[in-house]
Protein chains: 2
Amino acid sequence: MTALIIDDEIQIRRLLRMALESKGYTVRDAEIGQMGLQEAVFHKPDVILLDLGLPDMDGVEVLKRLREWSTVPVLILSVRDQEAVKLAAFDAGADDYVSKPFSTAELIARLTAIQRRQGCHEAANLQLGPLVLDPAHHEASLNGQPLKLTPTEYALLAQLVRHAGKVVTLKQLLRAVWGPQAEEQSHYLRVYANHLRKKLEGSALEIKNEPGIGYRLDQR
Amino acid sequence: MTALIIDDEIQIRRLLRMALESKGYTVRDAEIGQMGLQEAVFHKPDVILLDLGLPDMDGVEVLKRLREWSTVPVLILSVRDQEAVKLAAFDAGADDYVSKPFSTAELIARLTAIQRRQGCHEAANLQLGPLVLDPAHHEASLNGQPLKLTPTEYALLAQLVRHAGKVVTLKQLLRAVWGPQAEEQSHYLRVYANHLRKKLEGSALEIKNEPGIGYRLDQR
DNA sequence: TCTCGCTTTAACGCATTTTTGACGCCGCAC
DNA sequence: GTGCGGCGTCAAAAATGCGTTAAAGCGAGA
């Protein structure tokens, strides 16, 4: 379980880091919005704690950018307790909103609640016919046999399985697997779709392409 | 979408009912914990708003009983703002905790956030008679049958469906599909209107031309 | 430092899609 | 009747996107 803290106050970062690490989280942090977004792309945290008052950009803006490609749970921290700000944050896709000063215990409790909810979806193995994905360990198996996948292959396949039978657009896939700055690099997909096709060969599964739109994982 | 309110104060129930119904929820309510649990069993609400200060039993106790068999999202309402109570509620499986007096708008926002996490958001499909367009997946279907469209065909058809029954000018269509620099290339439209006509053949839909003005998608 | 595995880049042939050009039709104005 | 402009139709040409393969980077661990 890794958490990402985006906050410019060092005291807050220290406090949260201590609290989270004591609960078994691996913690990363960022002082400014830009760095936070990069961290999110690069390290794919399981939860994000986001301060609204960042020096370089508005926290709600950070959240919006993040939500363009990620559904990671986000808990907002803020000194401001104005309703309009809260509503904007929830509207932008926040999962919870805590005003400073906050109780660390409550924060952790809220975080746990979010994670628990998230867990219902993610901990449950993704399955499609003979293919089973285990998100907790990033492992896969086909017809009961373990299937060796690289991290990128796993991420791509997971996206396809989540929307099995439906087209997932090129943009969605690229954002989810390579991050928002790779939206135009559709050749990545060609290469990796190919890798996966080879590994799924002989099974009832098929990665189909919808020209100009995206890919779809089908069961024959 | 149905919500269950468990609260003994009639004013609160009325207030919440109004707010929720205006957001499209079907609302049921209960005055005491026992009734609330029964309601939950029989009507399986999609979300529960639970007051901690019930006359017959402790709210946390209600939550615990509920969690023995249900994972429905629960938002706690409470006049008490003591940390110990909050922690107990979260520990018992609450999804959020709001202290009275609360802002209705914020409450709804928090509820929406929980529901969003729950994954109950359906894409808003464009529909016109037998034709359905799914913008999230760039997919189309006619009479339930998948309809294969190229990206350009899809974009054009989407424009027409959005303004179904009304004339869309040549300029508007060209700008929306080919970009502003193609405003004069009405030739494109003749070709693609034609493609679409062939693909919509046999359905009740018809792409009509208003000479010199634009095109219109009609239902016969 | 070297090796290995993974990711990124590049290159090519092929299929599909988009663009372009050609032609005939129709309605309207002259 | 004739000429003209907008339209529908068709098909060839150009552009784009895809699958495939292989080689070049890159980083972690030996």
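Chain letters run A, B, ... following the sequence lines, proteins first and then strands; every chain starts at 1.
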When you measure from the side-chain N and O atoms of [X] to the phosphate of [N], is any distance below 4.0 Å, counting only OP1 and OP2?
X	N	answer
Trp178(B)	dT19(C)	yes
Tyr215(B)	dG6(D)	no
Thr150(B)	dT18(C)	yes
Tyr188(A)	dT7(C)	no

Protein-nucleotide distance ([X], atom [atom1]; [N], atom [atom2]), rounded to Å:
X	N	atom1	atom2	value
His195(A)	dT7(C)	NE2	P	9 Å
Leu189(A)	dT9(C)	CG	P	14 Å
Tyr192(A)	dC6(C)	OH	P	9 Å
Gln181(B)	dT19(C)	CD	P	10 Å
Phe42(A)	dC26(D)	CZ	P	13 Å
Leu196(B)	dT18(C)	CG	C1'	14 Å
Glu153(B)	dT16(D)	CD	P	18 Å
Glu201(B)	dG8(D)	CD	P	14 Å

Name the closest nucleotide to the [X] side chain, picking from [options].
X	options	value
Leu170(A)	dC18(D), dT8(C), dT17(C)	dC18(D)
Val191(A)	dT8(C), dC6(C), dT19(C)	dT8(C)
Arg197(A)	dT7(C), dT16(C), dT20(D)	dT20(D)
His187(A)	dT20(C), dT17(C), dT9(C)	dT9(C)
Arg190(B)	dT18(C), dG8(D), dT9(C)	dG8(D)
Pro151(A)	dC6(C), dT20(C), dT17(C)	dC6(C)
Asn209(B)	dC18(D), dC7(D), dT21(D)	dC7(D)

Classify the nucleic acid contact of Lys198(A) as base, sugar-phosphate or nothing, counting any heavy atom under 4.0 Å across all strands shown.
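Sugar-phosphate, backbone atoms only, no base.
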Trace of the side-chain contact (heavy atoms from CB on, under 4.5 Å) decision for Arg14(A) with Ile10(A)
CA-CA 6 Å; Arg14(A) 283 219 194 101; Ile10(A) 179 111; 4.0 Å; yes
Mind checking whether Gln38(A) and Val41(A) have side chains closer than 4.5 Å, heavy atoms only?
no
Quick check: do Leu4(B) and His43(B) have side-chain heavy atoms less than 4.5 Å from each other?
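SC-SC contact between Leu4(B) and His43(B) ruled out.
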Please check this pair: side chain of Lys208(A) against backbone of Asp218(A), looking for a donor-acceptor N/O pair closer than 3.5 Å.
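Looks like no, no N/O pair under 3.5 Å.
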Identify the residue among Asp56(A), Ile6(A), Val62(A) that makes a side-chain contact (heavy atoms from CB on, under 4.5 Å) with Gln34(A).
Asp56(A)
